[in-house]
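Encoded as structure tokens, the structure appears first; notes follow it.
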Amino acid sequence: MFGVLYGLTTVALYSVLIRAGMPGFYDKLLQVPLLNLSVILLDRLAGSPLLQRIDPSAWGRALVPRQRHVAYMSVWAIAFAAMSASGYLGDRHPGQYVPFWQQACAADARYACEDLYFLQDGYCEDGSGWACNELGILLTERHDNRGRAAMVFERACGLGFSAGCDNMGALPHLEPAQLHARACVQGWPT
């Protein structure tokens, strides 16, 4: 029950935080103190006749505790392997890259522009000139916040950002068409 409530409140809190203009990563923390305080109530609920029918320990009463433990761990291992095989866990998910969120934002996907904002803002705070520049564009075009955009553009210039750079360093000897072709290959058509 604790895990189910944690998962449901994480999803709900993410939505609430994003709508309030706050970073969504607090969704994993805010409910923990309240859930910890509710453990006694959850234990009482788990012992109620209504929930005894779905008690996992009742399913394996014929097994000795060690066998039951192996059975539970096997179910979790299979579930984790299935999630890993889906490609939505780990470093291979496209949602960790800026171009994914730029495309989603351009397509007006729900909360995509907010996710893009927080991703670029984090990179900008870490000292990335290109992220500050992209954040300034986003603030200007999507959020109509020209004051904040001006500060972010100024930071990009202070970090040495120029249109002839990419994550490999300066590329001053490339012609504009070559720069554009290289940017398109990397997923940066704009």
Notebook entry, point to check: Looking at Ser15 and Arg110, what are the two nearest heavy atoms and their distance?
Noted result: OG-NH2, 4.5 Å
Margin query: Using every non-hydrogen atom in the two residues, find where Val152 and Cys132 come nearest and quote the distance to one decimal.
Written below: CG1-O, 2.7 Å
Next item on the list: With rounding to the nearest 0.5 Å, note down the distance linking CZ in Phe100 to CG in Leu116.
Entry: 11.0 Å
Item checked: Atom pair CG/OG of Asn133 and Ser128 - distance to nearest 0.5 Å -> 9.5 Å
Margin query: For Leu119 versus Trp101, what's the shortest heavy-atom pair and its separation?
Written below: CD2-CD1, 3.8 Å
Check: Any link between Val39 and Met1 through a network of hydrophobic side chains (Ile, Leu, Val, Met, Phe, Trp, Tyr) touching at under 4.5 Å?
Finding: yes
Margin query: Take a 6.0 Å sphere around CG of Leu37 and say whether it holds more than 12 heavy atoms from other residues, nucleotides or ligands.
Written below: yes
Next item on the list: Over all heavy atoms of both residues, which pair between Leu138 and Cys105 is shortest? Give the atoms and the distance, please.
Entry: CD1-SG, 4.0 Å
Item checked: Side-chain heavy-atom pair Thr9, Leu34 within 4.5 angstrom cut-off -> no
Notebook entry, point to check: Say you draw a straight line from CD of Glu114 to CZ of Arg142; how long is it, rounded to the nearest 0.5 Å?
Noted result: 9.5 Å
Item checked: Distance (rounded to the nearest 0.5 Å) between Asn36 CG and Gln31 CD -> 10.0 Å
Checklist line | Inter-residue atom distance Leu135.CG - Met151.CE, 0.5 Å rounding | finding: 10.0 Å
Checklist line | Nearest-0.5 Å distance that lies between atom CH2 in Trp130 and atom SG in Cys124 | finding: 10.0 Å
Item checked: Verify same cluster id: Leu5, Leu45 (apolar side-chain graph, 4.5 Å) -> yes
Note to self: Would you say CZ of Phe2 has more than 12 non-hydrogen atoms from neighbouring residues, nucleotides or ligands within 6.0 angstrom?
What the structure shows: yes
Next item on the list: Looking only at non-hydrogen atoms, find the nearest pair between Val32 and Lys28 and report the distance.
Entry: CG2-O, 3.8 Å
Next item on the list: Could you state whether Tyr26 and Leu13 fall into the same hydrophobic cluster, counting links through intermediate Ile, Leu, Val, Met, Phe, Trp or Tyr residues with side-chain heavy atoms under 4.5 angstrom apart?
Entry: yes
Next item on the list: Indicate the atoms forming the closest heavy-atom contact of Tyr6 with Leu35, along with that distance.
Entry: CA-CD1, 3.7 Å
